[in-house]
Every structure is written in C-alpha cells, then in structure tokens.
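First up is the structure itself, then whatever we jot down about it.
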Amino acid sequence: MFNFSLMGAGRIGKMHASIIDAHPDCNLKYIYDINAEFVNQLANKYEASIASSPEQALTSEEIDAILIASATPTHTEFITKGSMAGKAIFCEKPIDLDINKVDECRDAIKGTSVPIQIGFNRRFDSSHSKLQQANINNEIGKLEMLIITSRDPEPPGLDYLKAAGGFFRDTTIHDFDLARFILGDDPIIQVSAFGSQLISEDVKKVNDHDTAMFILKSKSGVLIHINNSRRAVYGYDQRVEIFGSKGMMISNNQTPTSVQKFSEKNTESKDPIHYFFIERYEQAYRDQFNDFVETIKNHSNPSVSFEDGRNALILANAAYESYNSGKVIDISYD
Ligand SMILES: NC(=O)c1ccc[n+]([C@@H]2O[C@H](COP(=O)([O-])OP(=O)(O)OC[C@H]3O[C@@H](n4cnc5c(N)ncnc54)[C@H](O)[C@@H]3O)[C@@H](O)[C@H]2O)c1
C-alpha cells in the first residue's frame, strides 16, 4: 500500500483525491491546502488527515508519494522538498511558468533518484495514444502532417486568467506536449505563433489571447498545426489528425453515448460532446495515475518525465517569442 500526500484541494486536486482513494494499492493519508474550507471538505470525504504544514505532507515518514495539484507557483518548491525527502512525485502541468525556476529545480533534484512524473494527461487518452502507436508502427507510412484542435467550452474568469501565465503556457502547453508525444524521437525544431483577442473582455484586460494558431516543424520535416480557442459553444473540442504517405487517422471528439438521432431537421444528430476536461479525459486521468503507481511499484522511469515538462515549456516560451517578434523561432532544448 502506498501512502499519498495530496498538495492542493482545488478543482483538479478534488479529482485526484477521488482517483487516489479509488486505487486498491493507494491510501490518501495527508492533504495540504492553504484554503481551510477545501482541505476540510476533502479530508472528511476521504477520511484523510489534514497536514499542519507543507513540510509534514512532503517529508513525513508515513508518506511514500506526493501528488502535487496545488497552484502552479508552488510546484517547484514542492517537487524539490518532496523528492529530496525520497518521495515519488506526480506533479500537475506546468512545472512552472518561468524556465529559470524550472532549471533551478532541475539542478536541485539532480542527485535524487525518485520518479517524478508530470501531468500531461492527454498522452493517456486511448484514442490519442492509438495515433502515437500508429505513427511508431508506420501504419500511415511516413508522417507528413499533424493537426491538433483544442478548444475550451468557455473562457475562465478574470482571477484565473491573472494567475494562469498566458494562454500558450497554461493551455497550449498540453498540445505542445501531445505533439512531442506523437512525433516520438523526431524533435520539434521550429515554432511560429499567432494570437488574437476575439472573445473575452477579461482576456483583453490581462492582455492575453483567447484565439491562437501555431505552425511547428520537426527535424524530419513534419509540419504541425495547433489551433486553440477559449470558447467553443458546442463543448470541449479535442481532435487530433495524423496524415502520412499511406493514409490518415483521426482521434475524434467523444459523446457521452453513441446514440444517433434522425429527424426531419437532422441526420445523424448526436449528444453534445463532453463539456470539459474532467469529463472528456476522465479515463485518461485514471490511466495516468495507474501508470504512475506502476512506475513506483516497478522502480521504473516515469513515462512523462521532468524533461518532458521542461521541453513543453520551452516550446510555449518560443511561441511567445514568435508572437512578439513576428518571426519563426529555432528551438534549442539546452
Ligand atoms: N492536467 C490537467 O488537465 C489540468 C487541469 C486543470 C489544472 N491543472 C493544473 O493543476 C494545478 C491546479 O489547478 P486547479 O485548476 O485545480 O486550480 P485551483 O485554483 O482550483 O486549485 C489550486 C489550489 O491550490 C491551493 N494553493 C494555493 N497556494 C497553495 C500553497 N502554497 N500550498 C498549498 N495549496 C495552495 C489553492 O488554495 C487551491 O485550492 C495548476 O498547476 C493547473 O495548471 C491541470
């Protein structure tokens, strides 16, 4: 049995608490959050203890592993303290918004040997990962284009936008990682980005983007297109397409049921697609956690590493550089 500390009892922390609690080999031992109401609620629900300090949750001898789902600025400190105490770490994306903080953390944890996995859940979606496998197995021949559409149902509020660190680092970072995952050992070497403010007044207030498009290029010449929106009236739009010399494959949107309705007004009308990430990637979040537990059990390398988290941030930073300069940016992962 692995005893877990959960850092953060907010939106995604609540989901992770239920996943840890449901796992037969895991026990939710401690929860830590600066919000007393959130932490009380979760501790009561799962009969966990409330840690009196971050140190207790991160370093207690009763703890084997830590799941970090707290606000992004806390991640590097919690990764560093937890891994130096010998605990296996699962940390939500992004590691941080600032590459200097990521690199300081990377230096600090160099001597530790615990697994550190980053929460890029889309890699664990069975349809997206089927495309990745198909590419590795040459099922569509030589990959030539990769197209990722990722649109949220509605923009977040002003408070979230103020803290999120910008659309590219908060949201597109998932797509940069998914592109890296599907491309396998073919690294992305160039990035260009466009962003617009078309939807949300709050987005304008924080001078962020709510609409964005990116073109990237891999070392072997694959062209990658990513498009993002903060508002899709029909739900959480998540599609991936790979196109190659022997065909094309699509990982399509999913609906809660597979029922189709035919009427005078519609042909093949279906349920609305899933509303947002918790519903759309419900199974992927579980599979991601199961994978992390197997990593701890087998003392193996995590399937989504600290370096993966760092590389996705490097691509997001390059996208900002491209947006600001109007130029195509060459990527260095050093
Ligand atoms: N993988 C995904 O699909 C996904 C989805 C949503 C969020 N996230 C990531 O998860 C993290 C949390 O996001 P969220 O949407 O749950 O945010 P949230 O604001 O709902 O929750 C964050 C929680 O962190 C707590 N917190 C803040 N400072 C703290 C501190 N010093 N110590 C302990 N707790 C502290 C807050 O009180 C809050 O309860 C972010 O890094 C975000 O990028 C990932």
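Just the heavy atoms: all of them, side chains too, but no hydrogens, waters or symmetry mates, feed the values below. FYI, the numbering just counts along the sequence from 1.
- For an aromatic pair to be called close, the ring centres must be under 6.0 Å apart, and F214 with F168 satisfies this.
- A distance-only check finds no donor-acceptor pair linking the side chain of D125 to the backbone of A284 [under 3.5 Å].
- The aromatic ring centres of F181 and H128 sit 6.0 Å or more apart.
- Closest approach of S325 and E321 over heavy atoms only: OG-O, 2.7 Å.
- The nearest pair of heavy atoms linking S303 to Q117 is N-OE1, 4.1 Å.
- For the pair R239 and D237, the salt-bridge criterion is met [side-chain N within less than 4.0 Å of a carboxylate O].
- To the nearest 0.5 Å, atom OG of residue S196 and atom OH of residue Y323 are 7.0 Å apart.
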Note to self: Would L223 and E144 count as a side-chain contact (heavy atoms from CB on, under 4.5 Å) here? Give the steps.
What the structure shows: CA-CA 6 Å; L223 296 184; E144 293 161 358; over 6 Å; no
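- Here the shortest heavy-atom pairing between R11 and I278 reads O-CD1, 4.4 Å.
- As a member of the Ile/Leu/Val/Met/Phe/Trp/Tyr network built from side-chain separations under 4.5 Å, M248 groups with M145, F243, I250.
- Within the model, atoms CG of L28 and CD1 of I20 stand 5.0 Å from one another, a figure rounded to the nearest 0.5 Å.
- For I95 against H75, the heavy-atom pair with the smallest separation is O-CB, 3.0 Å.
- Counting only N and O atoms by type, the side chains of T59 and E55 include no donor and acceptor under 3.5 Å apart.
- Other residues, nucleotides and ligands contribute over 12 non-hydrogen atoms within 6.0 Å of the NZ atom of K101.
- Taken from NZ in K14 to CG in L6, the straight-line distance is 10.5 Å, to the nearest 0.5 Å.
- Here L158 sits in one hydrophobic cluster together with L161, V203, V206; the rule is ILVMFWY side chains under 4.5 Å apart, joined directly or through other members.
- Below 30°, between 30° and 60°, or above 60°: for Y281 and Y285 the angle between ring planes is above 60°, a perpendicular geometry.
- With rounding to the nearest 0.5 angstrom, the CZ atom of F167 is 7.5 Å from the CG atom of D208.
- The pair R310-D103 counts as a salt bridge, with a side-chain nitrogen and a carboxylate oxygen less than 4.0 angstrom apart.
- Put simply, OH on Y32 and OG on S5 are 12.0 Å apart, with the number rounded to the nearest 0.5 Å.
- T171 and N228 are not linked by any side-chain donor-acceptor pair at a separation below 3.5 angstrom, with hydrogens and angles left out of the test.
- Closest of all the heavy-atom pairs between A232 and R151 is CB-CB, 3.9 Å.
- Side-chain contact between I173 and D175 is absent, with no heavy-atom pair separated by less than 4.5 Å.
- Looking at D98, its side chain does come within 3.5 Å of a backbone N or O of N100 through a donor-acceptor pair.
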- Task: Take H16 and F289 through the test ring pair (Phe, Tyr, Trp, His ring centres under 6.0 Å) and record every step on the way to the result.
- Result: CA-CA 9 Å; H16 283 303; F289 185 72; 7.5 Å; no
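- One distance of note links CZ of F90 with CG of D291; it measures 9.0 Å at 0.5 Å rounding.
- Among all heavy-atom pairs drawn from A17 and Y46, the shortest one is CB-CE1, 3.6 Å.
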Quick one: do Y275 and E154 satisfy side-chain hydrogen bond (donor to acceptor under 3.5 Å, both in side chains)? Show the steps, please.
CA-CA 10 Å; Y275 178 67; E154 59 181 335; 2.3 Å; yes
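- Listed for the S322 side chain is no donor-acceptor partner under 3.5 Å among the backbone atoms of A318.
- Within the structure, the salt bridge (Lys or Arg N to Asp or Glu O under 4.0 Å) test picks out the following pairs touching residues 71-80 (sequence neighbours left out): E77-K81.
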